[in-house]
Amino acid sequence: MAKGITPRSEDYSRWYLDVIDAADLAEHSAVRGCMVIKPNGYALWEQIQAQLDRMFKETGHQNAYFPLFIPESFMRKEAEHVEGFAPECAVVTHGGGKELEEKLYVRPTSETIIWSTYKKWIQSYRDLPILINQWANVVRWEMRTRLFLRTLEFLWQEGHTAHATKEEAIEETLRMIEVYRRFAEDYLAAPVFVGVKTPAERFAGALDTYCIEAMMQDKKALQAGTSHFLGQNFAKAFDVMFQNEAGQLEYVWATSWGVSTRLIGALIMTHSDDNGLVIPPRLAPLKVVIVPIWKDDSQRESMCAAARRLTESWHGRITFKIDERDQYRPGYKFNEWEKRGVPIRIELGPKDLEADQVVLVRRDTGEKITVPQDGLLPRIETLLEEIQASLFQRAKAFRDANTFDEDDFESFKRRIEEPGGFFWVHWCGNPACEAQFQETSKATIRCVPIDGSKRESGKCIVCGAPSQQRVLVAKSY
RNA sequence: CGGGGCGUAGCGCAGUCCGGUUAGCGCGCUUGGUUCGGGACCAAGAAGUCGGAGGUUCAAAUCCUCUCGCCCCGACCA
């Protein structure tokens, strides 16, 4: 595993200082565990946002915004929900210099405030479905934080939809987990397993929680996105009913789904190497950096001019930067842009100018390719896609090489420690057996696959009872 | 909250055991020069409440007491 990608904040801030630096805030304990997202890091988040937003719009969703504060009485309406979230909530007790009559919870998630609003919006089947997404920050007072993976405050999107039928809500839940799968694989270049959580791991208040699980370079699992089928739980809690075509009153069916800044952590821990970040080209805010090389001032002028001429037609078609800084030598610049993960570097020196060529350098492999200046932009666009595909293939090969079937519990306990990885094991469905995994191995059931894979007969690895389905087990973040 | 560790320049650290010149090193920063196809070099320079308070002493970064803060491991989790 690459040294710099251990999930420790000081490693991140040291290695990827320009992406995100939480240390700036850590001097005060009250804000420990929060993030400072510097411009380069925020640019990456904006790329993630933009792509997800496109995918949400394509599936018929609209953006909206709801309050940060949730009255305590709202939180209390859904029993499982409040039980799950109350212990990790920040609560406001004072406002305007006075003690509040009712406490306000800083949202850990917005189901309750949104469903209290949906009640006023929904009367008829004609008002359905409601397909809304919110980009927001939420607060969860975790005891232990890890930069990107588990911060006290994080940025995310949360979709909240309301439907007339159970079937439609389930369809929506599955549609959105599929959107997340596509985003993870096609944009983050991170292969994922799609599955459903066991009851023990379900979202508080959900009937089913679907998830995508990715493998990091240390072979631990990271839950990268979730989509919940909420049934009628929130509709009942907030008394949200509609009149169907036959004129009868029914409770509304609900879903919610979300991904967070944790995706940046997933990106780093999937692709980065000892030279720093590797950003998949489709998400890279800066796709190409050009480093002109010169020996003296007059040559500097001519090389930079040549770089500008070469890229004249690129504006608006690709994001690029010409590194004209005089205080650093080329080697320093090469290293710096590698650390920042820019997918392609172009070296342009006097020799290249003479030969009408440039040198392209791939961030993922370090390979240097000399190409003619003619037709450069299409060549780069092709190479970006090649890098994107190759990052995915590399990550997938790594995951597959570290994913095993396992049928013996003793052997499982050994192998989960060394060499580690993902294990497909038979499980009878009994929560007691699930608890055994956790206690004896510190591994958890990540999910039960929903695509029909690993559906085979066997015996529960813990108790030996018959099982028709293998489940994914791994240590996780 | 339990168990470890650490606070000395912007960052990373040495010095503390065994008190004693003007508190040091690397990186970074400033200025000048030479360099420039893989993290340049030389010279000069700026930058410190040694986490804080109290105590012991002729003398404290160093010893004692108290205190504040941070990091790591565990219980919680997107």
*Asks:* Considering every strand and a 4.0 Å limit on heavy-atom distances, what is the contact class for A:Phe203: base, sugar-phosphate, or nothing?
*Replies:*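 No contact.
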
*Asks:* Using a strict heavy-atom distance below 4.0 Å, which residues from residues 320-332 of chain A are in contact with RNA chain B?
*Replies:*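 Result for residues 320-332 of chain A: A:Tyr328, A:Arg329, A:Pro330, A:Gly331, A:Tyr332, sorted by number.
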
*Asks:* Given B:C36, B:G38, B:G37, which nucleotide is nearest the side-chain atoms of A:Val359?
*Replies:*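 Between B:C36, B:G38, B:G37, the one nearest the side chain of A:Val359 would be B:G37.
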
*Asks:* Rounding to an integer number of Å, can you tell me how far A:Glu347 CD sits from B:G38 P?
*Replies:*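 Checked: the CD to P distance equals 8 Å.
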
*Asks:* Using the side chain to side chain contact (heavy atoms under 4.5 Å, CB included) criterion, which residues pair with A:Glu367? Sequence neighbours excluded.
*Replies:*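 Residues passing side chain to side chain contact (heavy atoms under 4.5 Å, CB included) with A:Glu367: A:Arg362, A:Thr365, A:Ile369.
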
*Asks:* Looking only at the side chain of A:Ile293 (C-beta and beyond, no hydrogens), which of the listed nucleotides B:C76, B:G38, B:C36 gets closest?
*Replies:*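 Between B:C76, B:G38, B:C36, the one nearest the side chain of A:Ile293 would be B:C36.
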
*Asks:* For A:Ala206, what residues pass the side chain to side chain contact (heavy atoms under 4.5 Å, CB included) criterion, not counting sequence neighbours?
*Replies:*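 Here the qualifying residues are A:Phe203, A:Thr209, A:His228, A:Leu230.
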
*Asks:* Tell me the closest heavy-atom pair linking A:Met75 and A:Val82, and the distance in Å.
*Replies:*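 Scanning both residues completely, I find the closest heavy atoms to be O-CB, 3.1 Å.
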
*Asks:* What is the distance, to the nearest angstrom, from the OH atom on A:Tyr477 to the P atom on B:G74?
*Replies:*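 Taking atom P of B:G74 as the reference, OH of A:Tyr477 is at 12 Å.
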
*Asks:* Does CD belonging to A:Glu83 count more than 12 external heavy atoms closer than 6.0 Å?
*Replies:*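 Counting neighbours around CD of A:Glu83, 12 or fewer heavy atoms of other residues, nucleotides or ligands fall under 6.0 Å, so no.
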
*Asks:* N/O contacts under 3.5 Å, protein versus nucleotides 1-4 of chain B?
*Replies:*
none

*Asks:* Looking at A:Phe334, I'd like to know if the NZ or CZ of A:Arg345 sits under 6.0 Å from its six-membered ring centre while staying within 45 degrees of the ring's axis.
*Replies:*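 The answer is yes; both the distance and angle limits are met.
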
*Asks:* Quick check on contacts: within residues 349-358 of chain A, what sits under 4.0 Å from RNA chain B by heavy-atom distance?
*Replies:*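 Going residue by residue through residues 349-358 of chain A, the ones with a heavy atom under 4.0 Å of RNA chain B turn out to be A:Gly349, A:Pro350, A:Lys351, A:Asp352.
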
*Asks:* In whole angstroms, how far is the P atom of B:G38 from the CD1 atom of A:Ile346?
*Replies:*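 In whole Å, B:G38 P and A:Ile346 CD1 are 18 Å from each other.
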
*Asks:* Who passes salt bridge (Lys or Arg N to Asp or Glu O under 4.0 Å) against A:Arg325, sequence neighbours left out?
*Replies:*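 A:Asp323, A:Glu336.
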
